Amino acid sequence: MTKKERFAFVISYFEQHAPNAETELMYDNPYQLLVAVILSAQCTDKRVNMTTPAIFERYPDVEALSTATFDELFPLIRSISYPNNKTKHLIGMAQMVIDDFHGDIPSTVPELIKLPGVGRKTANVITSVVHHQPNMAVDTHVFRVSARIGLTTNAKTPLQTELQLLKYIPKEKVHVAHHWLILHGRYICVARNPKCGECGLRPACKYYQQITKAQ
DNA sequence: ATCCCGAGGG
DNA sequence: CCCTCTGGAT
């Protein structure tokens, strides 16, 4: 099976059997999405969603967040990963948006990456979800699932995965493909003991071919 | 013990 | 390239 055929199978499969999410990041606007994605690093969506309502109530917009103090915000973030870093990042992000971007959340990857706490993955999520730009955010799920299936070969960094995926996924499908891979990784192609028995991608999956061949 | 929609710094 | 940050679920 060529790589092109593999991509075609995966895209076709997901178009007919789109995975549905049990929990997803909650947000009502770009500001809330940016905060939620910054908080989501090495943390489940469910846990992020437990913290964001209080944050959005206390800091309803980026200007309010820019005036927050560390001691005020920290307790609201205390129960998720890296609360120290994330508290500093959120306040720094809000201040930079106010000072350097006139209070508007930037809409391009190079601008977003300048914000504290915002790396390539987060920038790709914002531009993809909010502005429908054909950018592929590569998180731990997309990285693992793509490698297992064989959509990527020898990808050692998220950037390599991103570039290899963009080469074969039509631009208009990048956004939805990102979501497919995330959800597939979260519920089926999990890191430990992937549920190959429930996976419809078996005919196109390199990992499944290997483990069945080894029997 | 390993993983979760990573980022920043060396 | 590496390391550190660092809480909760499984």
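By convention in this document, chain letters (A, B, ...) are assigned in the order of the sequence lines, proteins followed by strands, and residues within each chain are numbered from 1. Owing to the predicted nature of the structure, the values given are computational and were not obtained by experimental measurement.
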J.: What is the nucleic acid contact for A:R186, judged by heavy atoms within less than 4.0 Å: base, sugar-phosphate only, or nothing?
T.: base
J.: Report which part of the nucleic acid A:T23 touches: base, sugar-phosphate, or nothing (heavy-atom distance under 4.0 Å, all strands).
T.: nothing
J.: Provide, to the nearest angstrom, the distance between the NZ atom belonging to A:K121 and the P atom belonging to B:dC4.
T.: 12 Å
J.: I need the CG-P distance between A:L90 and B:dA7, as an integer number of Å.
T.: 13 Å
J.: Could you go over nucleotides 8-10 of chain B and give all protein N or O partners under 3.5 Å, atom names and distances?
T.:
residue: B:dG8; atom: OP1; partner: A:G117; partner atom: N; Å: 2.6

J.: Whole angstrom is fine here: how far is it from CE in A:M93 over to P in B:dA7?
T.: 13 Å
J.: Report the residue (A:P83 or A:R47) whose heavy-atom-nearest nucleotide on DNA chain C is the more 5′ of the two.
T.: A:P83
J.: Please work out if A:N84 contacts a base, only the sugar-phosphate, or nothing of the nucleic acid, heavy-atom cut-off 4.0 Å.
T.: sugar-phosphate
J.: Starting the side chain at C-beta, find the nucleotide from C:dC1, C:dC5, B:dC4 nearest to A:Y82.
T.: C:dC5
J.: To the side chain of A:H179, which of B:dG6, B:dC3, B:dC5 is closest?
T.: B:dC5
J.: What integer distance in Å separates A:R78:CZ from C:dC5:P?
T.: 14 Å
J.: Examine distances only and state if a side-chain atom of A:R6 and a backbone atom of A:L151 form a donor-acceptor pair shorter than 3.5 Å.
T.: no
J.: Hey, which of these two, A:K46 or A:C43, hits DNA chain C nearer its 5' end, going by closest nucleotide?
T.: A:C43
J.: Hey, what's the ring geometry for A:H184 with A:F14, parallel, tilted or perpendicular (30° and 60° as the breaks)?
T.: perpendicular
J.: Taking atom C1' in both C:dC2 and B:dC5, compute the distance separating them and give it to the nearest angstrom.
T.: 23 Å
J.: What is the distance, rounded to the nearest whole Å, between atom CZ of A:R120 and atom P of B:dG6?
T.: 16 Å
J.: Anything under 30° is parallel, anything over 60° is perpendicular, the rest tilted; go ahead and classify A:Y13 against A:H17.
T.: parallel
J.: Who passes side chain to side chain donor-acceptor pair (under 3.5 Å) against A:N124, sequence neighbours left out?
T.: A:E162
J.: Mind listing the closest non-hydrogen atom pair of A:T23 and A:D45 along with its distance?
T.: O-OD2, 4.1 Å
J.: Considering only B:dA7, B:dC4, C:dC5, which nucleotide approaches the side chain of A:H141 most closely?
T.: B:dC4
J.: Let me know the distance between CG of A:N124 and C1' of B:dA7, rounded to the nearest Å.
T.: 14 Å
J.: Are the charged groups of A:D100 and A:K114 less than 4.0 angstrom apart, N to O?
T.: no
J.: Short question: side chain of A:R47, backbone of A:T44 - any donor-acceptor pair under 3.5 Å?
T.: no
J.: The criterion is side chain to side chain contact (heavy atoms under 4.5 Å, CB included); which residues satisfy it with A:P106, sequence neighbours excluded?
T.: A:V97, A:F101, A:E111, A:L112, A:L115
J.: Would you measure the distance from the C1' atom in B:dC4 across to the matching atom in C:dC1 and give it in whole Å?
T.: 24 Å
J.: Looking at A:T122, does any N or O in its side chain come under 4.0 Å of the phosphate oxygens OP1/OP2 on B:dA7?
T.: yes
J.: Looking at every strand, decide which applies to A:T140 at a 4.0 Å heavy-atom threshold: base, sugar-phosphate, or nothing.
T.: sugar-phosphate
J.: C:dT4 P sits how many Å from A:K86 NZ, rounded?
T.: 18 Å
J.: Could you give the CE-to-P distance, from A:M26 to B:dC5, as a whole number of Å?
T.: 15 Å
J.: Could you check whether A:R192 gets within reach of a base, just the sugar-phosphate, or nothing at all, counting any heavy atom under 4.0 Å?
T.: base
